Engineer: 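Encoded as structure tokens, here's the structure I'll be asking about.
Small disclaimer: the values here were computed from a predicted structure and weren't measured.
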Amino acid sequence: MLRARDAMDRAFAEPLDIPALAAIAHVSEAHFIRTFRATFGETPHRYLQRRRVERSMFLLRSTELSVTEICFQVGFGSLGTFSRTFRDIVGESPSAYRARGPVPAVPNCFAMAWMRPSSFGEARGSEPN
């Protein structure tokens, strides 16, 4: 499982599918999905989406690339899917996130912990009443 997760971390922008990841982990596809979720608390697909969103968060606030360029650079196939997934995980649109300006100068470990999206795909502050 760690080998597959490491592969997703390294090649998050590449088109990764369950058969390829299961082969890396040396298990069947169904067993891979079940075991990955049990081990890491989310499906392989959601982990990969969250990893892509993490990278896009960095690019949005540290580069002048357009939202569309960032969308494709991090591995999403369409702007609509990217925007919807970003909003689901972060709680705001990519443009609104970028409008908050560059990341303040703080120790990297604090910035990463503060900016890391929820591992459960829930936007902060979006609790139902």
Side-chain angles (χ1 to χ4, degrees):
M1 290 304 119
L2 291 174
R3 279 188 233 128
R5 189 186 68 178
D6 289 347
M8 285 190 270
D9 288 341
R10 274 191 314 275
F12 62 88
E14 302 299 318
L16 296 170
D17 59 5
I18 295 300
L21 293 169
I24 291 169
H26 303 291
V27 295
S28 72
E29 295 171 30
H31 184 71
F32 173 72
I33 294 169
R34 282 191 309 271
T35 306
F36 191 95
R37 184 178 180 124
T39 304
F40 300 113
E42 60 191 340
T43 65
H45 177 70
R46 191 60 173 182
Y47 179 85
L48 186 57
Q49 283 184 322
R50 190 171 50 79
R51 183 67 185 96
R52 289 172 173 169
V53 167
E54 286 174 359
R55 180 64 180 158
S56 69
M57 290 169 73
F58 171 77
L59 293 173
L60 284 165
R61 294 187 76 184
S62 64
T63 70
E64 296 298 320
L65 295 171
S66 73
V67 173
T68 304
E69 289 173 313
I70 291 171
C71 159
F72 292 115
Q73 187 173 358
V74 299
F76 282 93
S78 76
L79 185 57
T81 301
F82 169 67
S83 296
R84 185 185 71 247
T85 303
F86 191 95
R87 182 180 297 278
D88 288 347
I89 292 174
V90 179
E92 62 187 329
S93 70
S95 298
Y97 181 81
R98 172 177 265 171
R100 289 197 276 144
V103 176
V106 296
N108 199 27
C109 58
F110 288 111
M112 290 179 65
W114 179 68
M115 290 177 34
R116 186 172 185 90
S118 167
S119 63
F120 299 104
E122 300 167 353
R124 293 180 186 160
S126 65
E127 297 284 326
N129 292 340

Engineer: Measuring only between side-chain heavy atoms, which start at C-beta, is Arg46 closer than 4.5 Å to Arg50?
Structural biologist: no

Engineer: Specify the closest pair of heavy atoms between Ser66 and Glu69, including all atoms of both residues, with the distance to one decimal.
Structural biologist: N-OE1, 2.8 Å

Engineer: How far apart are the C-alpha atoms of Arg3 and His26, what are their side-chain angles, what is the distance that settles it, and do they pass the side-chain contact (heavy atoms from CB on, under 4.5 Å) test?
Structural biologist: CA-CA 10 Å; Arg3 279 188 233 128; His26 303 291; 2.9 Å; yes

Engineer: Output, in order, the C-alpha distance, side-chain angles, deciding distance and verdict of side-chain contact (heavy atoms from CB on, under 4.5 Å) for Leu48 and Phe12.
Structural biologist: CA-CA 6 Å; Leu48 186 57; Phe12 62 88; 4.0 Å; yes

Engineer: Can you list the residues that meet the side-chain contact (heavy atoms from CB on, under 4.5 Å) rule with Ala25, with sequence neighbours excluded?
Structural biologist: Met1, Ala4, Val27, Phe32

Engineer: Considering residues at least two apart in sequence or located in another chain, which fulfil the side-chain contact (heavy atoms from CB on, under 4.5 Å) criterion with Thr63?
Structural biologist: Leu59, Leu65, Ile70, Arg98

Engineer: Which pair of heavy atoms, one from Leu16 and one from Ala7, lies closest together, and at what distance?
Structural biologist: CD1-O, 4.3 Å

Engineer: Who pairs with Asp9 by side chain to side chain donor-acceptor pair (under 3.5 Å), at least two apart in sequence or on another chain?
Structural biologist: Tyr47

Engineer: Kindly determine whether Leu60 and Arg100 satisfy side-chain contact (heavy atoms from CB on, under 4.5 Å), including the steps that lead there.
Structural biologist: CA-CA 10 Å; Leu60 284 165; Arg100 289 197 276 144; over 6 Å; no

Engineer: Quick one: side-chain contact (heavy atoms from CB on, under 4.5 Å) partners of Ala99, sequence neighbours excluded?
Structural biologist: none

Engineer: Looking only at heavy atoms, which two atoms of Ser56 and Val74 are closest? And how far apart?
Structural biologist: N-CG1, 3.9 Å

Engineer: Rounded to the nearest 0.5 Å, what separation is found between the CE atom of Met8 and the CZ atom of Phe40?
Structural biologist: 7.5 Å

Engineer: Tell me yes or no: between the side chains of Arg52 and Gln49, is some donor less than 3.5 Å from an acceptor?
Structural biologist: no

Engineer: What residues form a side-chain contact (heavy atoms from CB on, under 4.5 Å) with Ala20, not counting sequence neighbours?
Structural biologist: Asp17

Engineer: About how many Å separate CD1 of Ile33 and NE2 of His45, when rounded to the nearest 0.5 Å?
Structural biologist: 11.0 Å

Engineer: Which pairs pass ring-ring contact (aromatic ring centres under 6.0 Å, His included) with one or both residues in residues 70-91, sequence neighbours excluded?
Structural biologist: Phe76-Phe82, Phe82-Phe86, Phe86-Tyr97

